[in-house]
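Working notes for the structure below.
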Amino acid sequence: MLTVSLVVCAMVALATADDPAGDHPHTNVATCPANWKQHNNRCYYFESSTKNWADAEVQCQTMGGNLVSIHNDDEHKFLQTLTQSETWIGGSGCQTPGSFFWIDGTAMTNTVWCPEKPDNTLPECCIQTNSQVGKCWDDVACDTLLPYVCARPL
């Protein structure tokens with residue numbers, strides 16, 4: 001009987017060794033930094049102060065992200081809840097007019113261009129999302145001062 005008691009005590013001790021308070025083990029759940037909004041597997045940050053496209057991207061990088069890339073309608077709709085005006089997003093076509101890409105290196109497969117956009121004229125080669133009906137994208141001059149949205153993985 002003493003042996004059985006010792007085995008039971010040893011099992012209880014081993015079961016609670018990682019959890020001295022006897023609570024359930026903590027799970028590591030990733031969360032967004034303060035002032036960032038989570039949507040699916042990314043964190044988003046809207047900055048209302050204005051910068052040109054390049055300076056906005058640099059600021060996003062200092063916060064661990066990039067200007068936002070948008071990959072589907074759900075993400076586009078979520079982005080619209082963060083913004084109320086023309087806002088920089090992470091698309092550019094300055095290297096080759098008419099060939100747009102996301103600054104974070106992801107593929108630009110889902111686009112929401114405004115009618116007759118992009119017009120593929122330099123220096124209008126950075127992408128903003130706007131507040132017009134449909135909240136579509138427009139290629140504008142990269143030195144325009146606009147608020148911006150950063151994104152980073154969760």
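Just so it is clear, the values below take in all heavy atoms, side chains as well, and ignore hydrogens, waters and symmetry mates. Count residues from 1 along the sequence. Here the structure is a predicted model, which means the values were calculated and not measured.
Linking ILVMFWY side-chain heavy atoms closer than 4.5 Å, directly or via other members, places Tyr148 and Ile103 in a single hydrophobic cluster.
When all heavy atoms of Trp88 and Cys126 are compared, the closest pair comes out as CZ3-CB, 3.6 Å. Considering every non-hydrogen atom in both Leu67 and Gly90, the closest pair reads CB-CA, 3.4 Å. Of all non-hydrogen atoms in Leu122 and Cys94, the two that sit nearest each other are CD2-O, 4.2 Å.
Annotation: the span from His39 atom NE2 to Cys32 atom SG amounts to 11.5 Å, rounded to 0.5 Å.
For His76 (side chain) and Lys135 (main-chain N/O), a donor-acceptor pair under 3.5 Å exists by modelled atom type. Of the possible polar contacts, one joining the Trp53 side chain to the Ile89 backbone as a donor-acceptor pair under 3.5 Å is found. Side-chain atoms of Thr81 do not come within 3.5 Å of backbone N or O of Leu79 as any donor-acceptor pair.
The side chain to side chain contact (heavy atoms under 4.5 Å, CB included) check on Gln95 picks up Ser92, Phe101, with sequence neighbours excluded. Partners of Gln61 by side-chain hydrogen bond (donor to acceptor under 3.5 Å, both in side chains), not counting sequence neighbours, listed by chain and number: Glu57. Taking Asp55 as the reference, nothing meets the salt bridge (charged side-chain N to carboxylate O under 4.0 Å, His left out) condition, with sequence neighbours excluded.
Here the rule is side chain to side chain donor-acceptor pair (under 3.5 Å) with His71, and of Thr109, Thr106, Asn110 only Thr106 fits it.
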List the atom pairs, donor and acceptor, that lie under 3.5 Å between side-chain atoms in residues 40-49 and the rest of the protein, sequence neighbours left out.
unit_1	atom_1	unit_2	atom_2	d
Asn40	ND2	Asp74	OD2	3.2
Arg42	NE	Tyr44	OH	3.4
Arg42	NE	Glu75	OE2	3.1
Arg42	NH1	Ser69	OG	3.3
Arg42	NH2	Ser69	O	2.5
Arg42	NH2	Glu75	OE2	2.2
Tyr44	OH	Glu75	OE2	2.5
Tyr45	OH	Glu47	OE1	2.9
Glu47	OE2	Ser49	N	3.0
Glu47	OE2	Ser49	OG	2.8

Let me check something: any side-chain donor-acceptor pairs from residues 137-147 under 3.5 Å, sequence neighbours excluded? List them with distances.
unit_1	atom_1	unit_2	atom_2	d
Asp138	OD1	Lys117	NZ	3.4
Asp139	OD1	Asp119	N	3.4
Asp139	OD2	Asp119	N	3.1
Asp139	OD2	Asn120	N	3.3
Thr144	OG1	Ala141	O	2.8

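In the hydrophobic clustering (ILVMFWY side chains linked at under 4.5 Å, chained through shared members), Leu154 stands by itself.
Counting only heavy atoms from C-beta outward, the side chains of Trp102 and Asn66 never approach each other to under 4.5 Å. Annotation: side chain of Pro33 is in contact with side chain of Arg152 (closest heavy-atom distance under 4.5 Å).
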Side chain to side chain contact (heavy atoms under 4.5 Å, CB included) between Met108 and Ile127: does it pass, once the steps are laid out? CA-CA 12 Å; Met108 186 176 285; Ile127 302 177; 3.8 Å; yes
Check the pair Leu82 / Lys37 against side chain to side chain contact (heavy atoms under 4.5 Å, CB included), numbers first and verdict last. CA-CA 9 Å; Leu82 299 178; Lys37 305 277 188 202; 3.8 Å; yes
What's the verdict on side chain to side chain contact (heavy atoms under 4.5 Å, CB included) for Thr83 and Val149, showing C-alpha distance, side-chain angles and the deciding distance? CA-CA 8 Å; Thr83 65; Val149 176; 3.7 Å; yes
